[in-house]
Amino acid sequence: MSEATAAKIPVTVLTGYLGAGKTTLLNRILSENHGKKYAVIVNEFGEIGIDNDLIIGADEEVFEMNNGCICCTVRGDLVRIMDGLMKRKGKFDAIIVETTGLADPAPVAQTFFVDEDVQKNARLDAVVTVADAKWLSDRLKDAPEAKNQIAFADVIVLNKTDLVTKPELAEVEARIRAINPYAKLHRTERCSVALADVLDRGAFDLDRILDIEPDFLVADDHDHDHDHHHHHGHDHHDHGHGLKHYHDEDMQSLSLKTDKPLDPNVFMPWLQNLVQVEGGKILRSKGILAFHDDDDRYVFQGVHMMLEGNHQRKWKDGEPRESRLVFIGRELPEDLIRSGFESCIVS
Amino acid sequence: MKEFTPAPDSASIVSVTDRVKPVTLGMGVTSVHFLGPRAAFVGGEENVAFVDDKGEIASVAVHSGGILSAASDGKRLIMGGDDGKVVSLDAKGEVTLLATDPKRRWIDAVALHPDGAYAWSAGKTATVKSGKTEEKSLDVPSTVGGLAFAPKGLRLAIAHYNGATLWFPNMEGSAEFLPWAGSHLGVTFSPDNKFLVTSMHESALHGWRLADNRHMRMTGYPGRVRSMSWSAGGKGLATSGADTVIIWPFASKDGPMGKEPAMLAPLQARVTVVACHPRNDILACGYSDGTVLMVRMEDGAEILVRRNGTPPVAGLAWNAKGTLLAFADENGDGGLLEL
């Protein structure tokens, strides 16, 4: 897979709520002296002015695939634009898709999974979300789009940190982490972030799923298997991440872990069924799995109902054969997921 | 056609590969047409390469960027580019600028009418220019996927999301919407003007019988249908998208309703492009592995024109008399076959 992946053009999806600083980041990426040429798909012409790159206007036309899967939406305009861009292969090194502030990143991401022709030529590299340190906390309360963008992100650029106090910054970070503890978070002023931190991340590359750890170290390493009271949907309980759980946060992450081997014949159907039934709620999923009688690590990742997985490599000597899964989503049926996962463990 | 003489009993396929005049264009090719006696290979960007029957190449600059769409009636070639321009190229190699999008949006689709009218689209807007009359534009609900003129009268079909729109540009308020859920990317009228067929984003075609707008679903393709070609007389619609050429029957008044398509020329590769012979029941087809075949529609007999082992075939075309076949793969390696 690595070879094929290398030949495909990487696509970075740039999201962020209105006014967070997407265009600032985009201009920064384009104006930096990196010797690369980008094809940039934007929803508004005129805000960026870099001669060297291809700028393409998009209409954000989202449509449902006719495959009976209600959350399987794609960006029709992207399919068309990718088709046109592929006629100019060799004229650019990478593609950046800027979405509008109110956009859900899922249809953009799904376009790169369901469209055969798009998939042949391009690969999704990462979803980068620019967030406004001053206003994000408010937006997370009143704008579901902002929540989606944080939940979906592989990289979060927390911008305008100079406009908030330290406690305010801590508060907004805690809110972000309550939704998505796995994204790489960068605190910036005027989006000044190293390009290597936002581009060529390989966040959707199965070969590069190295480990699934929260992005920050918490003095919390307790057992995830312990039995805690999950049946109250909205209480302040601890999810085992040492994270503060907010009253108003229906978006959350759920991590599962076991050092006992999983039965692939139970696990695979369980996972398939889970994303079929609950895929509308699950925005992103990722896992590294240790199967019974299998010397290879198995990795998977998914967007809503779409899953892809593969054997990645041999478990190394001395490497703990541990399975870890992460789901990020809205109103996740935690008890159901935990008990389902438990039943996949070889007893 | 005398030359089409496959030997039914021979173990190996009849080959005319040694009669093909190779053409090396040195540019990515997206479609092939004939303009008068010369083949016109449309590049992925900037240029069209004319190739005459001796194999001489003459390149003509048509766009300052990617060439997104092309349509030809054998006399001229209309193209739309990512430079926001609609240009026309005639058989002599003369380029005429027909229109420029005021916002320099991509020209996603173009169509050409037998009487000289032409149409193009940028975003949701389709525009028609006919003779000396003013340009007429129509906005459809979503981005235009494809355009086609009806064989009779000045009527344009516009494919878009969730259906197609039929429009008489010279009649105010004449737009008629034919709904069908999904994204429609390509569109073609049957030569008898009785059916409209769209190719969809999902691996299927959809059709309407225009007399009563009855639906025809044509499904079962493993891949998206990117190439459609009507057989001589319009009895069948040959299509790409599967590992055989799929030909839907349109000879009866019900079209393909309740009928199975013919499946010809199976290979271990996907058909990428089809072109029916203009006079005989023969078609040429190109595959994802570079193979080019000629196939007799009556019995599926095949003649090998080009062996496999190259990038996918990107374009195929017959000249008007059906005496020359031109083809090229995505890398611009192709050939001319004289029959």
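Lettering of chains follows the sequences in order, A, B, ..., and the numbering in each one begins at 1.
Rounding to the nearest 0.5 Å places CG of B:Asp82 at 11.0 Å from CD1 of A:Ile81. Note that CG of B:Leu68 is 9.0 Å distant from CZ of A:Arg88, once rounded to the nearest 0.5 Å. The CG atom of A:Asp77 sits 10.5 Å away from atom CH2 of B:Trp106, with the distance rounded to the nearest 0.5 Å.
The two residues B:Ser183 and A:Phe63 come nearest to each other via the heavy atoms CB-CZ, 3.4 Å.
Ranked by non-hydrogen atom pairs under 4.5 Å with chain A, the options B:Gly65, B:Gly28, B:Ala204, B:Gly145 are led by B:Gly65. Taking B:Ser142, B:Ser203, B:Gly123 one by one and counting their heavy-atom pairs under 4.5 Å with chain A, the maximum is reached by B:Ser142.
Proximity to chain A (any heavy atom under 4.5 Å) is shown, for B:Leu185, by neither the backbone nor the side chain. Using a 4.5 Å cut-off between heavy atoms, B:Thr30 touches chain A through its side chain atoms alone. Heavy atoms of A:Lys89 lying under 4.5 Å from chain B are absent altogether.
Here the side chains of B:Val29 and A:Lys87 are not in contact, with every heavy-atom distance at 4.5 Å or above. In this structure, the side chains of B:Arg224 and A:Asp115 come closer than 4.5 Å at one or more pairs of heavy atoms. Using a 4.5 Å heavy-atom cutoff, the side chains of A:Glu61 and B:Lys124 are in contact.
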What's the verdict on salt bridge (Lys or Arg N to Asp or Glu O under 4.0 Å) for A:Glu116 and B:Arg270, showing C-alpha distance, side-chain angles and the deciding distance?
CA-CA 13 Å; A:Glu116 193 188 350; B:Arg270 193 74 64 79; 3.2 Å; yes

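With respect to the salt-bridge test (charged N to carboxylate O, under 4.0 angstrom), the residues A:Asp83 and B:Arg226 qualify.
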